[in-house]
S.K.: 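Here it is, the structure, as C-alpha cells.
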Amino acid sequence: MPGEMRPALPLIRFVLNALDREDARTLAECIAENGLGAGDYGALLRAVRIGAGPGRRLWFVRPSHGPLWCHALYGAHLFRYFLVEERLGRTSRRYRLVFRNGGDFFAVYPRLHHGLNDIETTGCNAFKCWIVRLAYDGRRYRPIRCSRTDWRRDGTTVTRPIRCDTLN
C-alpha cells in the first residue's frame with residue numbers, strides 16, 4: 001500500500017490499548033511464536049498517514065501483509081483496522097480512535113465532513129458483499145450510502161443500493 005510504514009511507538013501503544021485483552025494476549029503469543037523481540041508489535045502493524053482537514057492528521061492502521069500472520073488481526077477473509085486521529089500538542093501527541101472495524105476492503109476519500117475524510121467499508125461472505133460509505137458528523141462516522149453486491153449462480157454479479165438501516 002502506498003505510503004505504508006511501521007507505526008510510531010505511541011501509535012502502536014494506542015492501538016494495542018484499543019484491543020480487548022484476549023486479542024492483546026494472542027498478539028503477544030504471535031510475537032513469541034515468530035521469534036520476534038518481546039513487545040515488537042510494530043512488526044505486526046502498518047500505518048498510512050491520511051491527509052485530512054486543516055490541522056488534522058489521520059492514521060489508517062492495519063495488520064502487516066506478511067510475512068507474519070496473526071489471527072488476532074485477521075479472520076476468514078477479513079482484516080481488522082483502525083482509523084486514528086493524531087493531535088499534536090506542544091510536548092506530546094494525543095490519539096483518538098475515530099473508527100474501527102474488520103472487513104475485506106477499506107477506502108478513504110478526499111471529501112471531508114467536519115474535517116475528517118469520508119470512508120468506505122466492505123465486508124463480504126461467500127455469497128455477497130456489503131459496501132457502506134460513511135461520513136463524519138462531528139462526533140462519529142455515520143452511514144450515508146449503502147449497497148450490496150450479490151454473486152449469482154451463473155457467475156454474474158449484481159450491485160444494488162440498499163437502505164443503510166437494513167444492515168443491523
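Just so you know, these numbers use all the heavy atoms, side chains as well, and skip hydrogens, waters and symmetry mates.
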S.K.: Closest heavy-atom contact between Pro110 and Asn117?
M.R.: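 So the minimum-distance heavy-atom pair works out to CA-ND2, 4.1 Å.
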S.K.: Mind listing the closest non-hydrogen atom pair of Leu134 and Pro143 along with its distance?
M.R.: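 Answer, listing the atom of Leu134 first, then Pro143: CD2-N, 3.8 Å.
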S.K.: Can you classify the ring geometry of Tyr141 versus Phe99 as parallel (below 30°), tilted (30 to 60°) or perpendicular (above 60°)?
M.R.: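 Correct class here is perpendicular.
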S.K.: What distance separates His113 NE2 from Asp137 CG, expressed to the nearest 0.5 Å?
M.R.: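 The CG atom of Asp137 is 10.0 Å from NE2 of His113, to the nearest 0.5 Å.
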S.K.: If I take atom CZ from residue Arg145 and atom CD from residue Glu120, how far apart are they, to the nearest 0.5 angstrom?
M.R.: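 Those atoms lie 6.5 Å apart.
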S.K.: Provide the closest heavy-atom pair for Arg160 versus Arg148 in the form atom of the first, atom of the second, distance.
M.R.: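 In this case the closest contact between Arg160 and Arg148 is NH2-NH2, 2.6 Å.
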S.K.: CH2 of Trp59 to CD1 of Ile50: how many Å apart, nearest 0.5 Å?
M.R.: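 Answer rounded to 0.5 Å: 9.5 Å.
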S.K.: Indicate yes or no: at least one non-hydrogen side-chain atom of Phe127 is less than 4.5 angstrom from one of Asp150.
M.R.: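 No, every pair of side-chain atoms sits at 4.5 Å or beyond.
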S.K.: Hey, is CZ on Arg94 packed in by over 12 heavy atoms from elsewhere, all under 6.0 Å?
M.R.: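 For Arg94, atom CZ is not crowded (no more than 12 foreign heavy atoms under 6.0 Å).
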S.K.: With hydrophobic residues grouped by side-chain heavy-atom distances under 4.5 Å, do Val108 and Leu78 end up in a single group?
M.R.: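 Shared cluster, no.
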S.K.: Do Arg133's NZ or CZ and the ring of Tyr109 fall within the cation-pi criteria of under 6.0 Å and 45°?
M.R.: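 Flagged: Arg133 positioned over aromatic ring of Tyr109.
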S.K.: Between Thr159 and Thr149, what is the shortest heavy-atom contact and its length?
M.R.: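 In this case the closest contact between Thr159 and Thr149 is OG1-OG1, 2.7 Å.
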S.K.: So which heavy atom on Trp151 is nearest to which on Ala126, and how close?
M.R.: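 The pair with the smallest heavy-atom distance is CE3-O, 4.4 Å.
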S.K.: Do Ile131 and Phe105 come close enough that some side-chain heavy atom pair is under 4.5 Å?
M.R.: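 A side-chain contact is absent here, since even the closest heavy-atom pair is not under 4.5 Å.
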S.K.: If I take atom CH2 from residue Trp130 and atom CD1 from residue Ile162, how far apart are they, to the nearest 0.5 angstrom?
M.R.: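 Answer for the CH2-CD1 pair, Trp130 versus Ile162, is 8.5 Å.
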S.K.: Taking the six-membered ring for Trp and the full ring for Phe, Tyr or His, determine whether the centres of Phe79 and Tyr74 are under 6.0 Å apart.
M.R.: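 So the answer is no for these two rings.
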S.K.: Does the side chain of Arg80 come within less than 4.5 Å of Arg62's, by heavy atoms?
M.R.: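 No; the side chains remain at least 4.5 Å from each other.
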S.K.: Nearest 0.5 Å please: distance from the CG atom of Asp40 over to the CD1 atom of Ile12.
M.R.: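 Reported value, rounded in 0.5 Å steps: 7.5 Å.
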S.K.: Hey, are Arg152 and Asp154 close enough for a salt bridge, meaning a charged N less than 4.0 Å from a carboxylate O?
M.R.: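 Not counted as a salt bridge, because no side-chain N and carboxylate O are separated by less than 4.0 Å.
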S.K.: Taking the six-membered ring for Trp, are Tyr95 and Phe14 parallel (under 30°), tilted (30 to 60°) or perpendicular (over 60°)?
M.R.: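 Geometry flag for Phe14 against Tyr95: tilted rings.
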S.K.: Can you name the nearest heavy-atom pair linking Leu116 to Ala52, along with the distance?
M.R.: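 Where Leu116 meets Ala52 most closely, the heavy atoms are CD2-CB, 4.4 Å.
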S.K.: What about Leu19 and Leu36, same hydrophobic cluster or not, with Ile/Leu/Val/Met/Phe/Trp/Tyr joined at side-chain heavy-atom distances under 4.5 Å?
M.R.: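 Per the 4.5 Å side-chain linkage, Leu19 and Leu36 are co-clustered.
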S.K.: Same cluster for Phe60 and Leu16 if Ile/Leu/Val/Met/Phe/Trp/Tyr side chains link at under 4.5 Å?
M.R.: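 Yes, same cluster.
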S.K.: In Å and rounded to the nearest 0.5 Å, what is the OH to CG distance from Tyr41 to Leu9?
M.R.: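 Reported to 0.5 Å precision, the distance equals 11.5 Å.
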S.K.: Decide yes or no for Leu45 and Leu11: does some side-chain heavy atom of the first lie under 4.5 Å from some side-chain heavy atom of the second?
M.R.: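 The answer is no; the side chains never approach within 4.5 Å.
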S.K.: Got Arg87 and Arg57 here, is their nearest side-chain heavy-atom distance under 4.5 Å?
M.R.: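 When only atoms from C-beta onward are counted, Arg57 and Arg87 do not touch, as no gap falls below 4.5 Å.
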S.K.: Taking the side chain as every heavy atom from C-beta outward, state whether Val98 and Arg96 have any atom pair closer than 4.5 Å.
M.R.: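 Yes - at least one pair of side-chain heavy atoms lies under 4.5 Å apart.
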